[in-house]
Amino acid sequence: MVHLFRTSLGVMALAAASVGLGGGALAANGPFLAHQALYDLSLVKSRSNSVNSARGRILYNFTGSACEGYTSEFRQVSELDSGEGKVTLSDLRSNSWEDAAGKSYRFKIETRMNEADAGRVDGSAERDGDHINVKLKLPAPKTFTLDGKIVFPTEQIQRIIAAAKEGKSLLELSVYDGSDDGQKVYNTLTVIGQPIPADRATPSDPSISDEHMKSLKRWPVTVSYFDRDAQQKEGEQTPVYAMSFELYENGVSRQLVLDYNDFVISGAMGKFDVKDSKPCN
């Protein structure tokens, strides 16, 4: 159940991250729209009957530009009721910055479960040739290297949008976002559906009616996250979790569905505000 309270910060890059991270409606200084989005979480179904109810909210702020890099601020507060008075309250906060070229990434993540002390991750990653150098301050000082083919969250979104525009239906990427203890790498499989025209009738939410979004097409996307270490050791093919959403060409996401195997959570957009961006000089 703890996976409910962890995100690949690339969802909320995707969604957001997750999550959306991010032509008329596009920001004049790049492909991503600076915005704030609020998502209301609720239980869709419980496959194992281990969850009676779930509720919560995700607040996502995305700002920046191609010249100054992109900043994502994310907070998810969730309450999970597993019955017999067992309620788990989680508060996840993260702040990250990624340069537009996908070469540098900084992140701070704090996770609190019930009344326990918060778990913290603080670190940075720098791309250097064919590898990535990672330096962690928390939970403990550590340095290590990763394969240079791995991408950071905002580049993950860029690649999904590029693949969608090229008409591709599948995309495989390995992603590092600093989650868990700062050492986790996820293998991801993205399935991209046919584009949804801007004028197609759909249940309304604040993104649909916003003037920045009305003329944009979007794609139904599902991203499955696999534990790379488990796959390498055991050939494990069951995803840790999967996220489905509709992804606009400017990086905004709507209609979130988070599938944690035992249960499924939906995230309906309750508020959407476009933010000002400083144009590149």
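Predicted, not measured: the structure shown is a model, and the values here were computed from it. We're numbering straight along the sequence, starting at 1.
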Just by modelled atom types, is the Leu89 backbone N or O under 3.5 Å from a matching donor or acceptor in the Asn114 side chain?
yes
Suppose the criterion is ring-ring contact (aromatic ring centres under 6.0 Å, His included): which pairs have a residue in residues 143-171, not counting sequence neighbours?
Tyr105-Phe152
Take the angle between the ring planes of Tyr241 and Tyr225 and call it parallel below 30°, perpendicular above 60°, tilted in between.
parallel
Less than 4.5 Å apart, side chain to side chain, heavy atoms only: is that true for Lys184 and Val240?
no
Would you say Leu33 and Phe62 make side-chain contact, with heavy atoms under 4.5 Å?
no
Taking side chain as C-beta onward, heavy atoms only, is Asp262 less than 4.5 Å from Arg47?
no
Taking the side chain as every heavy atom from C-beta outward, state whether Arg127 and Glu155 have any atom pair closer than 4.5 Å.
yes
Around atom NZ of Lys275, are there more than 12 heavy atoms of other residues, nucleotides or ligands at under 6.0 Å?
yes
Over all heavy atoms of both residues, which pair between Val185 and Ser174 is shortest? Give the atoms and the distance, please.
CG1-CB, 4.3 Å
With the side chain counted from C-beta on, respond yes when Pro220 and Ile196 share a heavy-atom pair under 4.5 Å apart, and no when they do not.
yes
dist Ser94:OG -> Glu110:CD (nearest 0.5 Å) comes out at 10.5 Å
Shortest non-hydrogen contact from Val44 to Ile265?
CG2-C, 4.0 Å
So, are Asp91 and Arg93 salt-bridged, with charged N and O less than 4.0 Å apart?
yes
Test side chain to side chain contact (heavy atoms under 4.5 Å, CB included) on Tyr176 and Leu146; report intermediate values, then the result.
CA-CA 9 Å; Tyr176 176 77; Leu146 296 172; 3.7 Å; yes
So which atom in Ile58 and which in Gln76 form the shortest heavy-atom distance, rounded to 0.1 Å?
CG1-CG, 3.7 Å
When hydrophobic residues are tied together by side-chain contacts of less than 4.5 Å, even through go-betweens, does Leu43 share a cluster with Leu92?
yes
Atom pair CD1/CG of Ile161 and Leu171 - distance to nearest 0.5 Å
11.5 Å
Shared hydrophobic cluster for Leu256 and Leu59 (ILVMFWY, side-chain gaps under 4.5 Å)
no
Closest heavy-atom contact between Ala100 and Gln158?
O-NE2, 3.9 Å
For the atom pair CG (Asn95) and CZ (Phe107), what is the distance rounded to the nearest 0.5 Å?
12.0 Å
Euclidean distance, Ser179 OG relative to Ile109 CD1, rounded to 0.5 Å
6.0 Å
Keeping Asp99 on the side-chain end and Ser104 on the backbone end, is there a donor-acceptor pair under 3.5 Å?
yes
With a 4.5 Å heavy-atom cut-off, do Val77 and Arg57 have their side chains touching?
no
Looking at every non-hydrogen atom in both residues, tell me the closest pair between Val121 and Gly182 and how far apart they are.
CG1-CA, 3.8 Å
Are Leu258 and Phe263 close enough, and set up right, to give a side chain to side chain contact (heavy atoms under 4.5 Å, CB included), and what steps lead you there?
CA-CA 9 Å; Leu258 311 174; Phe263 57 93; over 6 Å; no
With a 4.5 Å cut-off on side-chain heavy atoms, are Thr190 and Leu173 touching?
no
Side-chain (Thr222) to main-chain (Val191) donor-acceptor, under 3.5 angstrom
no
Side-chain heavy atoms under 4.5 angstrom apart, residues restricted to Ile, Leu, Val, Met, Phe, Trp, Tyr: same cluster for Val274 and Leu216?
yes
How long is the straight-line distance from OG of Ser244 back to CD of Gln255, given to the nearest 0.5 Å?
11.0 Å
Might you point out which heavy atoms bring His35 and Phe272 nearest each other, and give the distance in Å?
CD2-CE1, 3.7 Å
Would you say that Arg159 contacts Val175 through its side chain, given a criterion of any heavy-atom pair below 4.5 Å between the two side chains?
no
Rounded distance (nearest 0.5 Å) linking atom CG of Leu41 with atom CZ of Arg55:
11.5 Å
Got a sec, which pairs hit side chain to side chain donor-acceptor pair (under 3.5 Å) with one end in residues 135-149, sequence neighbours left out?
Lys142-Gln183
Which of these, Asp229, Asp180, Asp227, Asp177, sits in a side chain to side chain donor-acceptor pair (under 3.5 Å) with Tyr186?
Asp180
Flag yes if Val264 and Tyr39 sit in one hydrophobic cluster, no otherwise; membership is Ile, Leu, Val, Met, Phe, Trp, Tyr, and two members link when side-chain heavy atoms are under 4.5 Å apart.
no
